Each structure stands twice: as structure tokens, then as C-alpha cells.
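No hydrogens, no waters, no symmetry mates; every other heavy atom, side chains included, goes into these values. Everything quoted here is computed from the prediction, not taken from an experiment. Note that the numbering runs from 1 along the sequence shown for the chain.
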Amino acid sequence: MAKVEDEVIEAHVKQLLSRMTLKEKVGQMTQIERQVATSAAIKDLSIGSIFSAPGSLPVEKASPSDWADMVDGFQRSALESRLGIPLIYGTDAVHGNGNVFGATIFPHNVGLGATRDADLARRIGVATALEARACGIHYTFAPCVAVCKDPRWGRCYESYSEDTEIVGKMTSIVSGLQGQPPQGYPKGYPFVAGRNNIIASAKHFVGEGGTEKGVNEGNNISSYDDLERIHMRPYLDCISQGVSTIMVSYNSWNGQRLHGHNFLLTEILKDKLGFRMQGFVISDWDGIDQLCEPEGSNYRLCISLAINAGIDMVMVPFRYEQFIEELIYLVESGEIPMSRIDDAVERILRVKFVAGLFEHPFTDTSLQDIVGCKMHRDLAREAVRRSLVLLKNGKDPMEPFLPLERKAKRILIAGTHADDLGNQCGGWTATKYGSSGRITIGTTILEAIKKAVGDDTEIIYEKYPSTETLARQDITFAIVAVGEAPYAEGKGDNSKLVIPLNGADIISSVADKIPSLVILISGRPLVLEPWLLEKIDALVAAWLPGTEGDGIADVIFGDHDFEGQLPVTWFKRVEQLPVNAGDNSYDPLYPLGFGLACNKERC
């Protein structure tokens, strides 16, 4: 049955391609940001895809129906074009549909990597797909399957682990997003199960997690064998699940930018790894511009290098008219062969047919109540509690500090992250870089603790505890939540990795006076000096947990035990970096896989 469907789709693709003009083919290879999308451009140029950059909304705090109305409006314009080819609408739904106010925000990938649970990742993919489709969105730029070898990298939290095997295991999210291909489905063929699923994009190909000194968009200096062994293997796992698209990385490999790398994009990805009859390869935002210096200064050359290297769709995102004009010139002049254009457009059309966009181009509005629903928030809560890694439990191992007593007389809650939903969620939430504060709907750590404790327990909350409060003798224990402010990409590159926002000082001032649990909210390991660790009674790495703070209260008060295991090595000093399991001089503070439980140790 699958083979018959495959043959039918291929016949449709060939027939439609034969009717297309060069201008229409080039239009299909173009992805533009919604702010520059007009009805005239969509119809006249046959634009293939539109996307919303993080924070690019129909209206402020847009509802699912606002989103659906916008996307369906664009789609109507596409269907009014000469050939009526539907467009693909994309977004960065990287830990839930984070661009949508009130959507369920799941832990970032580093936290999911701590769970080691492939089925949990798959279920999160299912929920994310539903919340995206409810808003009219067909395509997510996820999952990131980078293998992070250095926490100085600003995208460390987008990686599941420093361990290739763990990253490969967590690619099961692809089958959640797109659906599980049935037995006998053609290997290497894109798959999207139906209207409740979305097109996925494995990213960023390849080696971005292994750049020198963890520099974002930097240079991965390695042999081909190491690049393949460490960084490529998760892509094979994605391709085996029918992943429909693969996004190219900004980084270089041994000095050559990936966006213009014919050997890696065509000879390796498309030919050797089996993406030959798969979906399409897409650039990152303005990624092709990096192929000349100054960036984008010789745009025609950038386009030529990128398309000839094997990129099929280009995220322009704004100067689409120039892109289309230049690409047409390059084809007509013979610098880019028509066969390369036809291959790219076939791949794009194939994905559109597989995704059912020709049969069902518009939003299924019956899904809209599912955005931020209790079932999905319960799933996110489960993910939070299972991602928590207990690093220390008691100054004396024979006298554990956790679980906490929920009927304690008086509890101090302190720190910059105790009552801040934006800090919990991190980057790629509401905007690209994220922000602190009440940016969406959810439960902070403070709110979760208030619900979890007994009716007679007094909660004292001070972000920065006063001298008077710290001098009190009637506080049973303190919970201090500190960590990183939200960031993304290069703005998150960090060579020092100290706890920001005076986090160490807050911990020290409280722990000097009151027995303390410290909850560290961060996208990566941070410096934990020995003098500070000695003061702490218990320490939990909570990563970037998202909107469901109840998952933290579930574990620290003993309703559930700690299950998380470190997905990355916790270094002692930044001078050690990079430090990874298997290194000859491996001397971490906590090794890959470390994680305590209240009843046992796993390490």
C-alpha cells in the first residue's frame, strides 16, 4: 500500500513540475518571513513557504484562531496562484509551540536528555504537533540533534547530550511530530501521518556542537571520520523515521561554511546518508549570506554556491525579490543547471503532497482548544520531574536533606528564578532570546511550592532576602532558585559560565544562615566552586523546565523520586573545557550520567 501511495505521489510531482515555469520553480524554493508576505507576491511568485520568526505574531498575545486566520489567509493567496500550489507555514516550535501565548512549553532538549526516555520525547512531539496544527502551522524547525561538546556554546540547551547515542535515542521526537511510518514504508521517503502531524526539520547539519571553544557559528576542526562518528549519526536516526526536511548549520567544517559545502550536503547527506529521495534541505535564516565577505555583499555568488552545494529551499527571509531575480539569472546563464532546480522543486512538492497540503490546505479549527490543555501540561509536568538531576543531598550522605517536609512551619523562598516564568522557559519562548517575567501562561516554582505545602505552612518569599529575614531563627529551611537569564544562539556564548545575576552571592548569604536546597535553572552546567558547594545542603539541576513548575514541587517534596541523569559532563573549572566522557584526562565535578535519588545512587 505504501509503495502504491509513493508511486502516486511521484506521478503527481512529475506532472506538476512539468507545468511549472522557471519563475514558479524558483518561487517554490523561496521561504519568506510573514512580515513581508503579501497576497500579490504569494500569487505572482508562487512562494513556496512562509514562516514566523520568534516574536513575529499576527497580533499581541495572538490566540490560536488569530494564528489560523493569518495562515489560512496566506494559504488562500497561494491557492489563487496559477497552479494553486499550497504553501508550507513554518515556525520554531522547539520546546512546544513557543511563539503562541498560552501554549504548553516543555523543558528544553538538555533537560529531556537527562530523562533518556525516547517515548517521552515522542509524546512531546505528538503534543507539539497538535498545538502547532491548531494554529495553522504545518512545519517546525525542530528537532535540534546537535551533539554539544562544549557548554560555552550558546545553544548548549538545544542539544540533548554530549553523547551521540543519547542524542540518537531522543530523535524519537521526529516520530511524534510527523507520526510513525508504517511497516514496509519506503526507506528514505518523507512521512507525515496526517492532519494532526507536522513536518519536522532535523538540524543543524552538521557539527555545530563541536566548534572550537564552543563558539556559535564557529569552526568545527575535525577529521571526516570524527564528524561522521560524533555528529552525523543522529541524522541517520531521523532519516530512518522519514524526517521531511534537514536544516543546514551556520558553522564551518575545517574552515568551509556548511551552506556552501557540496561534499557534505550532496555527496554525504543526500547520497551516502540516504536523503536522496527524501524531503528537502533548507538553509537557516540568511545562512547563504555568510558565503561571501562582507556577508551578502555578492548575493549572486552566495546563491550560486548554496544552490549548487545542494540547498533546496532558502530562508531568505526578507529580500526575496532580489533572491528570485538572481536565481533566475543564474539558471538562465547556465551557472546553476536546470536539473538542480528540478531536483530541489521535486523535493519540496514531494513534502507538500506527503503532508496532505493539497487535500487539506486549511486549519482544522476543531483542534484549537487543545493549545495549552491540561493533558499537555500534565505531560510537560511529567517531563520536568523526570528531567531533574539531584547533584547533592545532605552535607552528610547518611543524613539526606531531601525530600523536604511539606508541613514545615516556615519556609523561605528566595532567588531570581523562584517566581519568574520567563527565566524558567529560557530562549525561543515568545521571542528568540526569551525574556524574564510573566511572558506566557504557566506555574512558577514559587506558585508550585505554595500549592504543595500544608495549609499551616508559612511561605516567606524574598527574591533577595533581607538581613532581618536571614537573622530569623524560626525558618525551617530555604529553597533558593537561581540561574541564567534567557538567551539564544551567539548571545548565549559564555567563556566564564559563572552563575549570573549574583546567583552565588544569593546562595551563600542564605545557606550561611538557613539549611538550603538550591535549584539551578540553566541551559548547561555552570561553575560550582567548592566553597559554595560546601554550604549547600541539597542541589538540583533543573535545566530550563518550561511552564510547568509543579514538576519541581512533585519531586522535592517526595511525591516522585529523582530520575534524571546528567546528559552532559559537569566540569570543575572552565579551564578544563572542553571535557567529555571518554577523554583521557577526564576529571569532572560530576560525570556524564551522574544523578542521585533519595533512595539510591546512579552514576
Side-chain angles (χ1 to χ4, degrees), residues 54 61-68 91-109 111-112 114-115 117-143 170 172-180 192-200 363-388 421-422 424-426 428-430 434 438-445 447-448 451 542-555 559-560:
K61 294 186 178 180
S63 67
S65 62
D66 291 329
W67 279 95
T91 193
D92 286 283
V94 299
H95 64 142
N97 193 12
N99 224 8
V100 175
F101 183 82
T104 309
I105 305 300
F106 295 93
H108 267 297
N109 288 353
L112 299 184
T115 73
D117 190 329
D119 185 63
L120 177 63
R122 182 194 62 79
R123 288 186 285 142
I124 288 171
V126 170
T128 300
L130 284 166
E131 295 204 14
R133 289 308 296 260
C135 299
I137 293 161
H138 319 115
Y139 181 22
T140 177
F141 309 131
M170 302 306 284
S172 57
I173 194 171
V174 170
S175 289
L177 294 166
Q178 296 191 159
Q180 182 74 46
V192 180
R195 298 183 72 187
N196 291 347
N197 299 96
I198 53 175
I199 298 161
T363 307
D364 180 355
T365 56
S366 69
L367 295 174
Q368 290 178 354
D369 288 342
I370 209 166
V371 176
C373 68
K374 184 179 185 302
M375 180 174 66
H376 290 172
R377 292 189 183 277
D378 286 347
L379 175 60
R381 181 174 180 169
E382 175 191 348
V384 172
R385 66 175 179 253
R386 298 184 63 194
S387 70
L388 303 178
L421 200 58
Q424 279 178 210
C425 292
W428 304 103
T429 314
R438 183 65 62 169
I439 63 170
T440 189
I441 298 169
T443 304
T444 66
I445 296 169
E447 291 166 340
K451 290 191 286 182
W543 313 110
L544 297 171
T547 52
E548 305 313 303
D550 288 311
I552 294 175
D554 288 340
V555 180
D559 292 333
H560 295 266

TODO: Could you walk me through whether Thr444 and Arg438 pass side chain to side chain contact (heavy atoms under 4.5 Å, CB included), step by step?
DONE: CA-CA 9 Å; Thr444 66; Arg438 183 65 62 169; 3.7 Å; yes
Open item on the list: Please determine whether side chain to side chain contact (heavy atoms under 4.5 Å, CB included) holds for the pair Asp378 and Met375, giving the CA-CA distance in whole Å, both sets of side-chain angles, and the decisive distance to 0.1 Å.
Closed with: CA-CA 5 Å; Asp378 286 347; Met375 180 174 66; 5.7 Å; no
Task: Step-by-step side chain to side chain contact (heavy atoms under 4.5 Å, CB included) determination, Leu112 to Met170 - done: CA-CA 8 Å; Leu112 299 184; Met170 302 306 284; 4.0 Å; yes
Task: Worked check of side chain to side chain contact (heavy atoms under 4.5 Å, CB included) between Thr429 and Ile439 - done: CA-CA 8 Å; Thr429 314; Ile439 63 170; 3.8 Å; yes
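Pairing each heavy atom of Arg377 with each of Ala103, the nearest pair is NH2-O, 3.9 Å. Closest heavy-atom contact between Ile137 and Ile198: O-CG2, 3.5 Å. Across all non-hydrogen atoms, the minimal contact from Ala200 to Tyr139 is O-CE1, 4.0 Å. Across Asn197 and Ala129, no two heavy atoms sit closer than the pair CA-CB, 4.1 Å. Here the closest heavy-atom approach between residue Gln368 and residue Pro64 is recorded as NE2-O, 3.9 Å. Shown here for Leu388 and Ile552, the closest heavy-atom pair between the two residues is CD1-CA, 3.8 Å.
Distance CG/Leu130 to NE2/His376: 5.0 Å, rounded to 0.5 Å. Taken to the nearest 0.5 Å, the CZ atom of Arg385 stands 9.0 Å off from the CG atom of Asp559. Separation of atoms CG (Leu379) and CZ (Arg123) is listed at 5.5 Å; rounding is to 0.5 Å. Trp428 CH2 to Ile105 CD1: the interatomic distance, rounded to the nearest 0.5 Å, is 13.5 Å. For the atom pair CD1 of Ile124 and CD1 of Ile173, the computed distance is 6.5 Å after rounding to the nearest 0.5 Å.
With hydrogens and angles disregarded, a donor-acceptor distance shorter than 3.5 Å links the side chain of Ser172 to the backbone of Ala118. The main-chain N or O of Phe106 is found under 3.5 Å from a side-chain atom of His95 such that the two form a donor-acceptor pair. Gln178 contributes no side-chain N or O that, together with a main-chain N or O of Ile199, makes up a donor-acceptor pair within less than 3.5 Å. Thr140 places no side-chain N or O within 3.5 Å of a backbone atom of Asp92 that could act as its donor or acceptor partner.
Counting only heavy atoms from C-beta outward, the side chains of Thr365 and Ser65 never approach each other to under 4.5 Å. Within the 4.5 Å cutoff, the side chain of Glu382 has no heavy atoms near those of the Asp554 side chain.
The side chain to side chain donor-acceptor pair (under 3.5 Å) search around Arg122 returns Asp119, not counting sequence neighbours. Not counting sequence neighbours, the partners of Asp117 by the salt bridge (charged side-chain N to carboxylate O under 4.0 Å, His left out) test are Arg386. For Ser387, there are no side chain to side chain donor-acceptor pair (under 3.5 Å) partners at least two apart in sequence or on another chain.
Taking the charged nitrogens against the carboxylate oxygens, Arg133 and Asp364 have no contact shorter than 4.0 Å, which rules out a salt bridge.
Between Thr104 and the choices Glu131, Lys374, Glu548, the side-chain hydrogen bond (donor to acceptor under 3.5 Å, both in side chains) rule is met once, by Glu131.
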